[in-house]
J.: 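The structure under discussion is supplied below as structure tokens; questions concerning it will follow.
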Amino acid sequence: MADEQSPPPAPGNPDPAEVAAAAAHLRAGRLVGMPTETVYGLAANALDPAAVLAVFTAKGRPRFDPLIVHVADAEQAWTVAVPSPRALRLAAAFWPGPLTLILPRRACVPDLVTSGLDTVAVRVPDHPLALALIRAAGVPLAAPSANRFGRISPTTAAHVREQLGDAVAAILDGGPCRIGVESTVLRCDPIPIVLRPGGCTRERIAAVLQEPVALADREARAGSLALSGEAAREAPGLLASHYAPRAPLRLKSAADPWPTDPAIACLAFTGVGTGAGLAGRARTEVLSPTGDLAEAATGLFAALRRLDALQPPEIIAETVPEGDLGEAINDRLRRAAGLG
Ligand code: TXA
Ligand code: MG
């Protein structure tokens, strides 16, 4: 029985009544804005094709771009996907967490979820509200990032309300997302390949598997793997012009000077070592003064949104060092710039 004297739950902690109401919406085929540790998701009952169709419609997302199925634990994951030895090891090491595994699907998964592929994407989000919601709904939840297709992913409940407020029956507010970039999408077999770099670094995956882990689009760009067409079909999140602000965005390396035109917006990594270009300048966001890639990832999308809201003629974004989370951050920046 609910204790009327109990204080309201701290942000991010499940309020049982709110979670139960959201779960009821999901079971009735409606959509719910769901916080995760990466970005907010637009959740629907993954086993209900009409609800899944509503997700595609609300996002304006093409039906050839398959969705990630969110589950509460590995046991539930194996009700929608067939695990392999690699998958079992990765699930044990990284779930709950920002790693999505691409595995053979089971028959219960609607075609719409996988865009007709014979594989399904599955992950266990590391957020108390998401886990409580999945458990209360009693079904796996298909949830793409809760943004309009091709736009910047949401990292707060307010971002979800702005872009998709009319499409959802409820939004659970779990506060700002801890990681800030989406999950890493990994095809496990026959060899492990990252289809989308994200919150779980290739270094960590390789350390658990004790084998090299390839990066699909880099390999394809280098021409060393005939993956470009296949990868584009399998993970359209790899397509250029994703995560795009409205203003045109151009990349610069740390060594290039900042623009002199004060109207241009600047997205800096550390903000140091950039000369007089940034000092005292308006329209500037610094992602991490100490050069911490995790901090930079957490704030990346919100900073891009703030700069975009100024309606600058252009945004200049500084790329970050490539290793570790730099791979995911630079990937998002390149796509925001419309580069592959
Ligand atoms: O962090 C995340 O992953 C967030 C939160 C909400 O969990 N979700 C997310 O979903 O980013 P979405 O729909 O924006 O991106 C899913 C990515 C897409 O690039 C899609 O192409 C890929 O996963 N994907 C889904 N199913 C796939 C499959 N069967 N094979 C290959 N790629 C797949
Ligand atoms: Mg997305």
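From a predicted model like this one, the values you see are computed outputs, not experimental measurements. Atoms within each ligand, like the ligands themselves, are counted from 1 in listed order.
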J.: Which ligand 1 atoms are under 4.0 Å away from a heavy-atom of V185?
T.: 23 (O)
J.: Please list, in number order, the atoms of ligand 1 under 4.0 Å from a heavy atom of P144.
T.: 10 (O), 12 (P), 13 (O)
J.: Ignoring hydrogens, just give me the one of S145, G116, P98, A216 whose non-hydrogen atom is nearest atom 14 (O) of ligand 1.
T.: S145
J.: Does CZ in R63 sit with more than 12 non-hydrogen atoms of other residues, nucleotides or ligands closer than 6.0 Å?
T.: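 No.
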J.: Report whether L304 and L339 are members of the same hydrophobic cluster (ILVMFWY, side-chain heavy atoms less than 4.5 Å apart, transitive linking).
T.: yes
J.: Between side-chain atoms of residues 87-98 and protein atoms elsewhere (two or more places apart, or another chain), which donor-acceptor pairs fall under 3.5 Å?
T.:
from, atom 1, to, atom 2, distance (Å)
R89, NH2, V208, O, 3.4
R89, NH2, L209, O, 3.2
W95, NE1, L99, O, 2.8

J.: As a test of understanding, state which of E182, R332, R305 forms a side chain to side chain donor-acceptor pair (under 3.5 Å) with S153.
T.: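 It is E182; the other options fail the test.
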J.: Please list, in number order, the atoms of ligand 1 under 4.0 Å from a heavy atom of A121.
T.: 25 (C), 26 (N), 27 (C)
J.: Any nitrogen or oxygen of D65 lying under 3.5 Å from a nitrogen or oxygen in ligand 1? Just yes or no.
T.: yes
J.: From the options T38, D126, T298, select the one residue that forms a side chain to side chain donor-acceptor pair (under 3.5 Å) with R178.
T.: D126
J.: Against heavy atoms of L117, which atoms of ligand 1 measure under 4.0 Å?
T.: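 Ligand 1 atoms under the 4.0 Å threshold to L117: 28 (C), 29 (N), 30 (N).
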J.: Give the contacting part of T114 toward ligand 1: side chain, backbone, both or neither, where contact means a heavy-atom distance below 4.0 Å.
T.: neither
J.: Check this for me: does any side-chain nitrogen of one of R86 and D189 sit under 4.0 Å from a carboxylate oxygen of the other?
T.: yes
J.: Under the side-chain contact (heavy atoms from CB on, under 4.5 Å) rule, collect the residues that match up with A81, sequence neighbours excluded.
T.: L103, V120, V122
J.: Does only the side chain of H70 get under 4.0 Å from ligand 1, or the backbone, or both, or neither? Count heavy atoms.
T.: side chain
J.: Please identify which atoms of ligand 1 are closer than 4.0 Å to at least one heavy atom of G41.
T.: 6 (C)
J.: Should R283 and E314 count as an ion pair when the cut-off is N to O under 4.0 Å?
T.: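 Looking at E314 together with R283, the answer is no, because their closest N to O distance does not fall below 4.0 Å.
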J.: Between D111 and R105, does any side-chain N to carboxylate O distance fall below 4.0 Å?
T.: yes
J.: With heavy atoms of I102 as the reference, note each atom of ligand 1 found under 4.0 Å away.
T.: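 Those atoms are 27 (C), 28 (C), 30 (N), 31 (C), 32 (N), 33 (C).
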J.: Which option out of R187, R123, R196, E182 puts a heavy atom nearest to atom 15 (O) of ligand 1?
T.: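 Heavy atom nearest to atom 15 (O) of ligand 1 belongs to R196.
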J.: Taking N, O or S atoms only and a limit of 2.8 Å, check whether S145 reaches the Mg ion (ligand 2).
T.: yes
J.: How does T119 reach ligand 1, if at all, at less than 4.0 Å between non-hydrogen atoms: by side chain, backbone, both, or neither?
T.: both
J.: Of all the heavy atoms in R61, does at least one lie under 4.0 Å from an atom in ligand 1?
T.: yes
J.: Do Y40 and ligand 1 have an N or O pair less than 3.5 Å apart?
T.: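 In this structure, Y40 places no N or O atom under 3.5 Å from an N or O of ligand 1.
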J.: Would I68 end up clustered with L133 when hydrophobic side chains under 4.5 Å apart are linked, directly or stepwise?
T.: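 No, it is not one cluster - the side chains of I68 and L133 are not joined through contacts under 4.5 Å.
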J.: Regarding atom 26 (N) of ligand 1: of the candidates G198, S153, P66, which has the closest heavy atom?
T.: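 It is P66 whose heavy atom sits nearest to atom 26 (N) of ligand 1.
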J.: Determine whether any heavy atom of A143 lies closer than 4.0 Å to an atom of ligand 1.
T.: yes
